[in-house]
Amino acid sequence: MRTVYVNGEYVAENEARVSIFDRGFLFADGVYEVTSVLDGKFVDFDGHYSRLERSLAELRIAASITRDGIFEMHRQLAARNDLDNGLIYLQVTRGAADRDFGFPDDTECTVVAFTQEKEVRNPDMARTGVKVVTVPELRWERRDIKSVALLAQVLSKQAAREQGAFEGWMVEDGTITEGTSSTAFIVTEVGKLVTRPLSHAVLPGITRMAVLDLLSETDLELEERPFTPQEAYEAAEAFLTSASSFVAPVVEIDGHRIGGGQPGPVARRLRELYLARADAG
Ligand code: PDD
């Protein structure tokens, strides 16, 4: 039984309560972050906190949170749940108010958080690589906000799973936007790393940002541009990044084997560098 966080209190998970009038529940009117815990360290905590502040500001949700308060809450949750490796999920909603589409006048935000155990350092998929299928892009136009309105991603992830894939890469106007819960990358035959530039079309991945920073430790050249499924099928390598997967090699896309069906050197190297940086941080 986990201890979870609800509006300033640490309670047993079966005693945690949120109102049925909560706007997160009624309208998906809220935002979230997922931060991994690697041997007790919160990976990229400041990046996740900054993005949380940005998502809240974009939705004009006035939460009274601070970086240090949220850090201490993460620390408490990890300690109270003996969590050395896994994830911390944090959600902030506009709060509970009688149902009305417009913003309520003076409602307290709802803040909840919980832990999830997960093998983050050495999951099987880091060795074997994962399969991806392309799926249609079904989301709204502000995908840069990490909102809890995730129904499109839920349906698309399920469609991917039903095809035996780990992830769905969403396609809009002929190019891949990103994964249902991760950022998409390919390495071209001439060794260029390609990922989509930031815009309203994609979530600004915190792991993406960290990986792009690490490029200075490699001789890889970056091309930020959209790419097509066909380019991905013909890529020398492909991989995805997220707080929960770090850097995961992709070995098959829509049935096309990538890099001979084995994790490629770029993905393996970037995963190593990412882990080393997280361990040092
Ligand atoms: N998902 N794109 C989408 C649509 C995402 O949902 C995520 C993260 C990412 C990667 O972002 P980051 O590197 O900051 O985790 C990209 C999280 C892990 C989730 O919903 O569980």
Side-chain angles (χ1 to χ4, degrees), residues 24 28 30-38 42-56 58 70 74 85-92 112-120 123 125 130 132 134-161 166-172 175-186 195-214 224 226 238-248 250 267 270-271 273-275 277-278 281:
V31 301
Y32 76 107
E33 280 298 330
V34 177
T35 304
S36 63
V37 185
L38 181 69
F42 305 123
V43 182
D44 285 328
F45 179 86
D46 286 325
H48 288 286
Y49 184 75
S50 300
R51 187 174 61 190
L52 176 68
E53 282 195 320
R54 178 182 181 278
S55 297
L56 288 167
E58 289 295 321
I70 296 293
H74 278 54
N85 287 286
L87 307 170
I88 296 190
Y89 175 90
L90 165 66
Q91 176 169 329
V92 181
V112 303
F114 55 81
T115 54
Q116 285 185 299
E117 275 184 28
K118 186 175 163 131
E119 171 55 51
V120 282
M125 58 87 174
V130 298
V132 162
T134 56
V135 292
E137 175 64 82
L138 301 174
R139 294 176 298 167
W140 72 324
E141 292 188 354
R142 289 303 307 276
R143 304 159 196 158
D144 56 310
I145 300 170
K146 198 162 173 61
S147 105
V148 294
L150 291 172
L151 189 53
Q153 285 104 308
V154 166
L155 296 177
S156 302
K157 181 82 86 181
Q158 183 61 24
R161 294 233 171 114
F166 174 83
E167 179 62 301
W169 279 6
M170 299 178 286
V171 178
E172 180 174 60
T175 61
I176 290 162
T177 53
E178 60 184 329
T180 68
S181 62
S182 58
T183 307
F185 292 80
I186 57 170
T195 193
R196 203 175 175 103
L198 298 184
S199 70
H200 287 179
V202 292
L203 185 77
I206 301 304
T207 320
R208 171 192 189 279
M209 186 163 64
V211 162
L212 296 194
D213 269 355
L214 290 170
E224 284 183 282
F239 61 90
L240 57 86
T241 63
S242 76
S244 49
S245 304
F246 301 156
V247 178
V250 172
L270 288 173
R271 184 176 176 91
L273 287 172
Y274 186 79
L275 283 167
R277 178 181 159 283

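When a ligand or atom number is given, it counts from 1 through the structure's own listing order.
- The distance criterion of under 3.5 Å between nitrogen or oxygen atoms is not met by Arg208 with respect to ligand 1.
- Ligand 1 does not have Tyr89 within reach: every non-hydrogen atom of the residue lies 4.0 Å or more from it.
- For ligand 1, none of its N or O atoms has an N or O atom of Gly205 under 3.5 Å away.
- Of the N or O atoms in Ala243, one or more lie within a sub-3.5 Å distance of an N or O in ligand 1.
- Listed by number with element, the atoms of ligand 1 under 4.0 Å from a non-hydrogen atom of His48 are 14 (O).
- Here Thr134 contributes atom OG1 and Met170 contributes atom CE; the two are 11.5 Å apart, rounded to the nearest 0.5 Å.
- Within ligand 1, counting atoms from 1 as listed, the ones closer than 4.0 Å to a heavy atom of Gly179 are 4 (C).
- In Arg51, the part holding a heavy atom less than 4.0 Å from any atom of ligand 1 is the side chain.
- Put simply, part of Arg139 is less than 4.0 Å from ligand 1, judged by heavy atoms.
- Ranking protein heavy atoms by distance to atom 6 (O) of ligand 1, first place goes to Ser181 CA, 3.4 Å.
- Defined by atom type and a distance below 3.5 Å, a donor-acceptor pair is present between the side-chain atoms of Ser181 and Lys157.
- Ionic pairing of Arg143 and Glu137 is present here: one or more N-O contacts between side-chain nitrogen and carboxylate oxygen are shorter than 4.0 angstrom.
- Close contacts of ligand 1 with Thr183, meaning ligand atoms under 4.0 Å from a residue heavy atom, involve 10 (C), 16 (C).
- Heavy atoms of Thr180 found under 4.0 angstrom from ligand 1 belong exclusively to the backbone.
- Taking the charged nitrogens against the carboxylate oxygens, Glu172 and Arg196 have no contact shorter than 4.0 Å, which rules out a salt bridge.
- Thr183 and Glu178 get closest at one heavy-atom pair: CA-CB, 4.4 Å.
- A donor-acceptor distance shorter than 3.5 angstrom exists from the side chain of Ser55 to the backbone of Lys146, with no hydrogens or angles considered.
- For the residue pair Ser182 and Glu167, the shortest heavy atom distance occurs at OG-OE2, 2.6 Å.
- Under the 30°/60° scheme for interplanar angles, the aromatic rings of Phe45 and Phe42 are found to be tilted.
- Using a 4.0 Å cut-off between heavy atoms, Val34 contacts ligand 1 through its side chain alone, with no backbone atom that close.
- Under the 4.0 angstrom criterion for non-hydrogen atoms, Glu33 is not in contact with ligand 1.
- Polar contact check, Thr207 against ligand 1: a nitrogen or oxygen pair lies under 3.5 Å apart.
- The shortest contact between atom 20 (O) of ligand 1 and any protein heavy atom is with Tyr32 OH, 2.6 Å.
- The residue among Met209, Lys146, Glu178 with a heavy atom at the shortest distance from atom 8 (C) of ligand 1 is Lys146.
- Shortest non-hydrogen contact noted between Asp144 and Arg54 is OD2-NH2, 2.9 Å.
- The two residues Val120 and Ser244 make their nearest non-hydrogen contact at CG1-O, 4.1 Å.
- The aromatic rings of Phe239 and Phe185 sit parallel, their planes meeting at an angle under 30°, below the 60° perpendicular limit.
- Looking at atom 18 (C) of ligand 1, its nearest protein heavy atom turns out to be Ser244 OG, 3.8 Å.
- For Ile206, heavy-atom contacts with ligand 1 shorter than 4.0 Å involve the backbone as well as the side chain.
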